[in-house]
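Beneath this line is the structure, given in structure tokens, with notes to follow.
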2 protein chains.
Amino acid sequence: MERPLRADAERSVRAIIEAAERVLATDQGASVEQIAEAAGLTRTTVHRRFSSRQAIIDALAVSAKQELAEAIAAARTEQSPALVALHRVTEYVLRTKGRWKFTLGNPLADTSAAHEIWAEINAATLGLLARAKSEGLIAQEADLEWVRQVYYALLHEAIAKPADSPEVGPDYVALATLVTDTLLHGAGPQ
Amino acid sequence: MERPLRADAERSVRAIIEAAERVLATDQGASVEQIAEAAGLTRTTVHRRFSSRQAIIDALAVSAKQELAEAIAAARTEQSPALVALHRVTEYVLRTKGRWKFTLGNPLADTSAAHEIWAEINAATLGLLARAKSEGLIAQEADLEWVRQVYYALLHEAIAKPADSPEVGPDYVALATLVTDTLLHGAGPQ
DNA sequence: GCTAACCGTTACTGCACTGTAGCAGTTCTT
DNA sequence: AAGAACTGCTACAGTGCAGTAACGGTTAGC
């Protein structure tokens with residue numbers, strides 16, 4: 001029963017979501033007005049597209065997690081051995097995570113709407129880790145829940161890490177190598 | 001030139017800080033009134049002890065980081081080989097971090113007042129890691145800044161990890177082993 | 001080109017929170 | 001026991017923000 005939005009309205013929605021991501025990344029408590037300004041719109045227009053401030057957060061969560069799920073799917077982890085699959089999915093995830101610093105890795109943005117997507121992502125990750133274990137990459141005694149937790153944390157830290165060459169943007173391939181290496185071997189020699 | 005507080009006032013200050021830690025741990029944006037209620041006081045009394053809401057946060061940061069610095073000092077890391085020192089300091093830090101879930105590991109609570117304490121802690125950690133490297137625990141090629149970042153993240157995750165036996169409280173020794181093992185060897189076999 | 005949807009502007013309401021003040025009763029200190 | 005410090009209570013001013021409404025001008029879609 002939902003009329004499709006007009007093209008300009010659609011653009012506004014995009015602009016709001018992207019601006020919200022940028023603004024909230026540096027200030028979680030930012031007002032709707034700050035978001036509107038960053039989007040090049042007025043506050044009233046924002047309220048026309050999103051009935052409440054929380055609605056913006058929800059939309060943000062859905063967008064980000066959807067994009068994340070797509071990135072994971074695009075990595076096609078089932079079609080390669082666990083090591084390369086892990087490396088590849090890490091790279092893809094880092095790319096999208098770089099664009100959603102606020103929403104992802106911020107429990108505040110966990111809403112019911114995005115919960116099922118998140119569960120799906122979680123299951124996929126656990127599945128890949130289980131395969132990694134069966135292929136001998138991960139110790140048999142390892143607690144996979146803990147490994148997943150550490151993996152997520154490493155992804156987060158990799159994004160937070162200051163880039164080696166500030167001008168050219170982060171080298172996601174190198175970061176993916178760093179994350180997987182650290183996850184599997186830690187900081188110790190070998 | 002500061003008159004010492006009366007005993008009851010001193011107790012109020014304590015109660016406020018502890019309550020603030022509890023309340024803010026679950027809701028970063030909690031109001032002064034919520035904090036007051038949790039402390040068993042009224043809002044006006046809170047404002048008598050802390051001129052502004054930010055002043056509470058500052059006091060929180062100082063308290064927590066001071067306690068953290070003491071915990072690190074108590075570990076006496078210089079007096080044992082790096083591996084046992086790392087294990088020991090990890091255990092101590094986890095204990096205090098468990099009591100300051102909000103303040104520590106929340107950049108929001110980083111204020112100028114606690115900055116120097118934090119710098120000191122940071123330096124001590126880096127020093128220990130450098131020694132660990134010189135003793136062969138950490139790979140020569142490793143980026144110590146990255147290792148420190150990962151170490152902090154692991155501490156954070158260890159605190160967030162659901163306890164194995166919920167009733168008896170977390171087993172900090174086991175957690176310390178988990179953290180150091182993961183830091184040095186990752187999730188892989190060996 | 002006509003219509004409907006969209007946006008900016010202005011203005012208003014309502015709410016929640018911060019910070020302050022005065023007073024009366026209680027608790028510490030000596 | 002007396003005075004000072006402290007707390008609870010009530011009340012108030014000020015602020016910032018969310019959300020709503022109406023109007024005139026602009027833009028997209030058929």
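Below, read A as the first sequence line, B as the second, and so on, with proteins coming before strands; counting in each chain starts at 1.
With sequence neighbours excluded, the residues that form a side-chain contact (heavy atoms from CB on, under 4.5 Å) with A/E145 are A/L126, A/D143, A/R148. For A/S12, the side-chain contact (heavy atoms from CB on, under 4.5 Å) partners are A/L41, not counting sequence neighbours.
Using a 4.0 Å cut-off between a side-chain N of Lys or Arg and a carboxylate O of Asp or Glu, B/E91 and B/R95 qualify as a salt bridge. The pair A/E67-A/R99 counts as a salt bridge, with a side-chain nitrogen and a carboxylate oxygen less than 4.0 angstrom apart.
Defined by atom type and a distance below 3.5 Å, a donor-acceptor pair is present between the side-chain atoms of A/Y151 and A/T90.
Using a 4.0 Å heavy-atom cutoff across all strands shown, A/G29 reaches no nucleic acid atom at all.
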Pairs under 3.5 angstrom, nitrogen or oxygen only, protein versus nucleotides 9-17 of chain D, please.
| unit_1 | atom_1 | unit_2 | atom_2 | d |
| --- | --- | --- | --- | --- |
| D/dC9 | N4 | B/T44 | OG1 | 3.3 |

Between N or O atoms, less than 3.5 Å apart, protein on one side and nucleotides 24-26 of chain D on the other: list the pairs.
none

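At whole-Å resolution of the value, CG in B/L41 and C1' in D/dG8 are 10 Å apart. Rounded to whole angstrom, the span from the CD atom of A/E37 across to the P atom of C/dC7 amounts to 18 Å. Rounded to whole Å, atom P of D/dG19 lies 16 Å from atom CZ of A/R49. Distance, A/L5 CG to C/dA4 P: 18 Å, rounded to whole Å. The separation between B/D8 atom CG and D/dT7 atom C1' is 8 Å, rounded to whole Å. Between the NE2 atom of B/H47 and the C1' atom of C/dT18 there is a distance of 5 Å, rounded to whole Å.
In plain terms, the two heavy atoms of B/I16 and B/I35 that are nearest each other are O-CG2, 4.1 Å. When all heavy atoms are compared, the tightest approach of B/V13 to B/R49 is CG2-CD, 3.8 Å.
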What's the verdict on salt bridge (Lys or Arg N to Asp or Glu O under 4.0 Å) for A/R131 and A/E135, showing C-alpha distance, side-chain angles and the deciding distance?
-> CA-CA 6 Å; A/R131 191 153 67 84; A/E135 293 185 19; 3.0 Å; yes
Applying salt bridge (Lys or Arg N to Asp or Glu O under 4.0 Å), run through B/R6 and B/E10 and close with a yes or a no.
-> CA-CA 6 Å; B/R6 235 173 60 176; B/E10 195 81 46; over 6 Å; no
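Within residues 10-27 of chain B, the residues having any heavy atom closer than 4.0 Å to DNA chain D are, in order of number, B/S12.
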Only distances under 3.5 Å count here; give the side-chain donor-acceptor pairs of residues 173-188 of chain A to other protein atoms, sequence neighbours excluded, each with its distance to 0.1 Å.
| unit_1 | atom_1 | unit_2 | atom_2 | d |
| --- | --- | --- | --- | --- |
| A/T177 | OG1 | A/H87 | NE2 | 2.9 |
| A/T177 | OG1 | A/V173 | O | 3.0 |
| A/T180 | OG1 | A/A176 | O | 3.0 |
| A/T180 | OG1 | A/T177 | O | 3.1 |
| A/T182 | OG1 | A/L178 | O | 2.7 |
| A/T182 | OG1 | B/W146 | NE1 | 3.1 |

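In the hydrophobic clustering of this structure, B/Y92 does not group with B/W118; members are Ile, Leu, Val, Met, Phe, Trp, Tyr whose side-chain heavy atoms approach within less than 4.5 Å, directly or through other members.
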